Amino acid sequence: MRTAVCPGSFDPITLGHLDVIGRAAEIFDRVIVAVGVNSGKRYLFDGEERLALAKAAVADIPGVEVELLHGLIADFAREHQATAIVKGLRGVADFDSEQMMAMLNRHLTGIETLFLVSSQELTHVASSYVKDIASHGGSVSALVPPVVAAALSAKFEHEHKLEHKKG
Ligand code: PNS
């Protein structure tokens, strides 16, 4: 059984992520989506929320599981007997940091990283911009699954209400 891990922040999971996860699931027997923490980022959704949204989003893709990632992805991959880490590349902007992480992860435990070039119609999809659009009331329905669009609306509605109360 060949296992891949697809790590990321998934804050929140987008159609771009689902494209990569779905394509990985066609190559590997089992794909574990690892919802992790990037120490350089501040998150809109906490770990449990990101986990729940990712679980709901992949529910229809056979062979895909979702787990919270505590600690190093290289250790997680080894503990789950993964053959490779699979990540998406939208373009050169992603490449520098992804190349460095791939090299560091291989240095740590020998785990290989495979990159899937994102589908052309999804190269503009990024969680950070999705959040920005949603925070200003824009439509994100073509960028994220419905469960995520609903969670973003609820989150920003709540934040706007809090701001109103304060102001
Ligand atoms: O979606 P992101 O923010 O690019 O995901 C980054 C993530 C969570 C995959 C990365 O920060 C990670 O692997 N974190 C776990 C801790 C770790 O292994 N850090 C060293 C990476 S070389």
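Each ligand, and each atom within it, is numbered from 1 in the order the structure gives. Every value quoted in this text rests on a predicted model; they were computed, and no experiment measured them.
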Check: Who gets closest to atom 8 (C) of ligand 1 by heavy atom: Gly8, Gly40, Pro7?
Finding: Gly8

Check: Quick one: which of Ser127, Gly71, Ala126, Gly36 has a heavy atom closest to atom 16 (C) of ligand 1?
Finding: Gly71

Next item on the list: Could you label the plane-to-plane angle of the Phe115 and Phe95 rings as parallel, tilted or perpendicular, counting under 30° as parallel and over 60° as perpendicular?
Entry: tilted

Margin query: Under the rule for side-chain hydrogen bond (donor to acceptor under 3.5 Å, both in side chains), what residues qualify as partners of Ser141, not counting sequence neighbours?
Written below: Ser139

How far is [atom] from the closest protein heavy atom, and which atom is that?
| atom | value |
| --- | --- |
| atom 1 (O) of ligand 1 | Ser9 N, 2.9 Å |
| atom 10 (C) of ligand 1 | Met101 SD, 4.2 Å |
| atom 21 (C) of ligand 1 | Asn105 OD1, 4.0 Å |
| atom 20 (C) of ligand 1 | Leu72 CD2, 4.1 Å |
| atom 18 (O) of ligand 1 | Ile73 N, 2.9 Å |
| atom 14 (N) of ligand 1 | Val37 O, 3.5 Å |
| atom 4 (O) of ligand 1 | Lys41 NZ, 4.0 Å |

Note to self: Check this for me: Asp60, atom CG, are more than 12 non-hydrogen atoms of other residues, nucleotides or ligands nearer than 6.0 Å?
What the structure shows: no

Check: Do NZ/NE/NH1/NH2 and the carboxylate oxygens of Asp19 and Arg23 come within less than 4.0 Å?
Finding: yes

Notebook entry, point to check: Do the non-hydrogen side-chain atoms of Thr3 and Thr83 ever get within less than 4.5 Å of each other?
Noted result: no

Checklist line | Beyond-backbone contact of Thr113 with Gln99, side-chain heavy atoms, under 4.5 angstrom | finding: no

Margin query: Once you restrict to heavy atoms under 4.0 Å, what part of Met100 touches ligand 1? Side chain, backbone, both or neither.
Written below: neither

Check: Could you give all pairs that pass the ring pair (Phe, Tyr, Trp, His ring centres under 6.0 Å) test and reach residues 50-87, with sequence neighbours left out?
Finding: Phe76-His80

